[in-house]
Chemist: 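Okay, here's the structure, questions in a sec.
Side chains are part of it too, since the values below use all heavy atoms of this structure and drop only hydrogens, waters and symmetry mates. Every chain is numbered from 1 and lettered A, B, ... according to where its sequence line falls, protein lines coming before strand lines.
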4 protein chains.
Amino acid sequence: MEKDTKTHIITVALQLFEEKGLNKVSLNEVIKASGLSKGAFYHHFKDKKELTSTCIHYYWEDMSNNVVKLPIQDMSLKDALSMILQQFDEAIKRINEGNDNFFEMYLNMLYSIRNDEKILSMSRNYFKKFKQKLSDCIKKEIERGIIREDVDPENTALLITTCTEGHGLLSSANIYDSPNQKLEIIYDQIYKSITTK
Amino acid sequence: MEKDTKTHIITVALQLFEEKGLNKVSLNEVIKASGLSKGAFYHHFKDKKELTSTCIHYYWEDMSNNVVKLPIQDMSLKDALSMILQQFDEAIKRINEGNDNFFEMYLNMLYSIRNDEKILSMSRNYFKKFKQKLSDCIKKEIERGIIREDVDPENTALLITTCTEGHGLLSSANIYDSPNQKLEIIYDQIYKSITTK
Amino acid sequence: MEKDTKTHIITVALQLFEEKGLNKVSLNEVIKASGLSKGAFYHHFKDKKELTSTCIHYYWEDMSNNVVKLPIQDMSLKDALSMILQQFDEAIKRINEGNDNFFEMYLNMLYSIRNDEKILSMSRNYFKKFKQKLSDCIKKEIERGIIREDVDPENTALLITTCTEGHGLLSSANIYDSPNQKLEIIYDQIYKSITTK
Amino acid sequence: MEKDTKTHIITVALQLFEEKGLNKVSLNEVIKASGLSKGAFYHHFKDKKELTSTCIHYYWEDMSNNVVKLPIQDMSLKDALSMILQQFDEAIKRINEGNDNFFEMYLNMLYSIRNDEKILSMSRNYFKKFKQKLSDCIKKEIERGIIREDVDPENTALLITTCTEGHGLLSSANIYDSPNQKLEIIYDQIYKSITTK
DNA sequence: TATGAATGAGGGTTCATTCAT
DNA sequence: CATGAATGAACCCTCATTCAT
């Protein structure tokens, strides 16, 4: 029962946060939307910070899992990049076309990283895993003779990771008109430069 | 006189915003720090939003100018990347070692882009110029025979831009331990892949 | 204008504090009773503590002044004690017969002494002055041959001060039925023991 | 078992009250510290008032017993006063050097007297007993020829009681620098004035 | 007897904004 | 142009108490 209420509050809060932006939602709104009383809220959470931080954990875990589940290491690099492209396409669509405030939530999460040990380690883990999967994928492609032998898998994976993140940021921020096309170009550029002729 | 007062307020506000984070500074603080009265403030600004958005303009313009001033197009790509590396190094140091809240200001700016026409166009312009300079630089390097002829300057410039931005974000967020070294690897990776053997 | 509002708030608050007891009065009540808005209150006071502490200062100053004004040093000890007796009689009546909570205010003041430099020094000053006046009075009585020469004025003044305070406390606390009569006995006891036969 | 739980709650509460001051301790704290549940608490006490008033009873009873146990009536007045002096010394030390809030508890008790029949009668009883013991002691000293025959034991006992209480208050409130020495002077002053030459 | 989730009135405080002077 | 007292909605949070289990 207790667990249910807490989860309920988190769910409601996350929805509000994504709709209006984490900083624009007051505790009163969360409480009202959750149909509970003030006291009930404070029975489950120490204070507002605990709620927001918990929500960010959930949000981040959700994002991480989506990536972790991707079977990048078992695919060809071409297919892997295609899949990431598609994933980002959907995310960007959600951000730009939806009415929600997913982007502010994302920025808040980034901001929280510097003040929240747990989120920091989650984030590092996420990027580490993402890079590792790419790296593994590249190694196999080298073995298969698709990627040149002199290519460093680690460094290439790092490059892909950062430019994907940078592209995601600039797209979310609405700076690129046709984000998806841009990412395709970027991936092509990298892909061409490491494959055997 | 009027202009001076306004500029004074903006300067004071920007400093506070960078110190404590845009959302953590109240109008009262700005007014107090600027040594003015409430009425004086409202004489120069319609409301708080006008102040914050003006401040973000200034902040962004400042950042832009720093990039625009870089004579990237007249340098070798190697030198250009070195210079950007150094610039980022300083910025990251400021963010991670300083007591200020530069990063939150940056995130707020990114967030504002989606709600503020003017900032959006400034941002787009900034990234366009940055990319253009890199592109010009690359073209010249191709002519000089340093970069291969089959390399597309536009796309390569796009790649450099996005991975620089992505790397900046991840470094600011404290995700990379040795950010500077990481950026060097990334640039090396790109540079090697486009230069003639 | 500013001074007036602040004084007004203090007056209203003091009245409420004396009626209901300092700990039983909320800021909302003070604000409501003063006819002002929350903002107005916080314009004049940093927080509730500043209000209560200011009120206690006023309260204490008021009490002190009543004592300081007494021309004890120019009277015979007999008359001086009579006068103090009468003063206490009135105070006790106010505490016991009135509807107010003067006593709790007094206790709160006593409690504040230990946490408030200013009140501490006010209090020490008050008791010092009271003792000094009594001491001076006794010295003159010795010169007049009314009080014995071997009597120490300082120590006797200390005795009178402490037993007056002790009696005041026990009377306020409702422990003595006929407080006034008790104080008379106490004073008589002291008086007899120091006068010449 | 029930009795034990109730006593346990009271013990825990008293400790908290003396540490932090009666008004600064919430029921939640008491419940948490006692290791019980909310329901369990309300099984034993009607409401918070019942707890505080019960605690004050205990506190007061404790103080009373300490005095009642003193074999004042069987001692010489000199020794009796010495003993009281020592008792007060310890109490004052506890108040001024300790980190606890014994003094606030004491003031709260005094305040409660006026609103709580039971505490009122306990208090009256306490002071009555204290005075009686002193009075008996003095009577015996008169018989022994140590105190003059014209001294009224009742009135002298009253004087000692009130000045002890007054001194205790002023010392607790931190108004006297060297409280112990002051009390010695006061007692000396009284003692000298009633003994035979 | 005992649990602890839920209640909700009320607490103190902040803050952007207005407006008479 | 400038002042700063006043506004009041909204904020986060505390707490004694109730009640279904």
Chemist: Whole angstroms only, please: what is the NZ-P distance between C:Lys20 and E:dG10?
Modeler: 11 Å
Chemist: Expressed in angstrom and rounded to an integer, what is the separation of A:Leu22 atom CG from F:dC11 atom C1'?
Modeler: 15 Å
Chemist: Between E:dT1 and F:dT21, how far apart are the two P atoms, rounded to whole Å?
Modeler: 23 Å
Chemist: Do any N or O atoms from the side chain of A:Glu50 and from the backbone of A:Asp47 form a donor-acceptor pair under 3.5 angstrom?
Modeler: no
Chemist: Examine E:dG4: is either OP1 or OP2 under 4.0 Å from a nitrogen or oxygen in the side chain of A:His44? Give yes or no.
Modeler: no
Chemist: Distance check needed: F:dG8 P versus C:Lys32 NZ, whole Å only.
Modeler: 14 Å
Chemist: Tell me which nucleotide, if any, is Watson-Crick or G-U wobble paired with F:dA9 when both distances must be under 3.5 Å.
Modeler: E:dT14
Chemist: If you find the nucleotide of DNA chain E closest to B:Glu29 and the one closest to A:Ala40, which residue's nucleotide is nearer the 5' end?
Modeler: A:Ala40
Chemist: For A:Lys24 and F:dA10, give me the distance from atom NZ to atom P, rounded to whole Å.
Modeler: 16 Å
Chemist: E:dT14 base to C:Lys38 side chain: any donor-acceptor pair below 3.5 Å?
Modeler: no
Chemist: In terms of the nearest nucleotide of DNA chain E, which residue is placed more toward the 5' end: B:Lys49 or A:Phe41?
Modeler: A:Phe41
Chemist: May I ask you to decide if D:Ser26's main-chain N or O and D:Glu29's side chain share a donor-acceptor pair within less than 3.5 Å?
Modeler: yes
Chemist: In terms of the nearest nucleotide of DNA chain F, which residue is placed more toward the 5' end: C:Ser37 or A:Tyr42?
Modeler: C:Ser37
Chemist: Does A:Asn28 or D:Ser26 map to a spot on DNA chain F nearer the 5' end, using the closest nucleotide for each?
Modeler: A:Asn28
Chemist: Output yes when at least one side-chain N/O atom of B:Thr5 is less than 4.0 Å from OP1 or OP2 of F:dC1, else no.
Modeler: no
Chemist: If you look at every strand shown and take non-hydrogen atoms under 4.0 Å, does B:Lys48 touch a base, only sugar-phosphate, or nothing?
Modeler: sugar-phosphate
Chemist: Paired with F:dC15: which nucleotide, if any, by Watson-Crick or G-U wobble criteria at under 3.5 Å for both distances?
Modeler: E:dG8
Chemist: For the side chain of C:Arg114 and the backbone of D:Ala173, is there at least one donor-acceptor N/O pair under 3.5 Å apart?
Modeler: no
Chemist: Taking D:His8 for its side chain and D:Ser34 for its backbone only, find out whether a donor-acceptor pair lies under 3.5 Å.
Modeler: yes
Chemist: Please give, in whole Å, the distance from E:dT7 C1' to A:Ile31 CD1?
Modeler: 12 Å
Chemist: Across all strands shown, which nucleotide pairs with F:dT3 by Watson-Crick or G-U wobble geometry, both distances under 3.5 Å?
Modeler: E:dA20
Chemist: Take atom CG of D:Asn23 and atom C1' of E:dG11, then tell me their distance rounded to the nearest Å.
Modeler: 14 Å
Chemist: So, the side chain of B:Asn108 versus the backbone of B:Glu104: is there a donor-acceptor pair under 3.5 Å, distance only?
Modeler: yes
Chemist: Starting at CD1 of D:Ile9 and ending at C1' of E:dT1, how long is that distance when rounded to a whole Å?
Modeler: 12 Å
Chemist: Between C:Leu36 (CG) and F:dA6 (P), how many Å, whole number?
Modeler: 6 Å
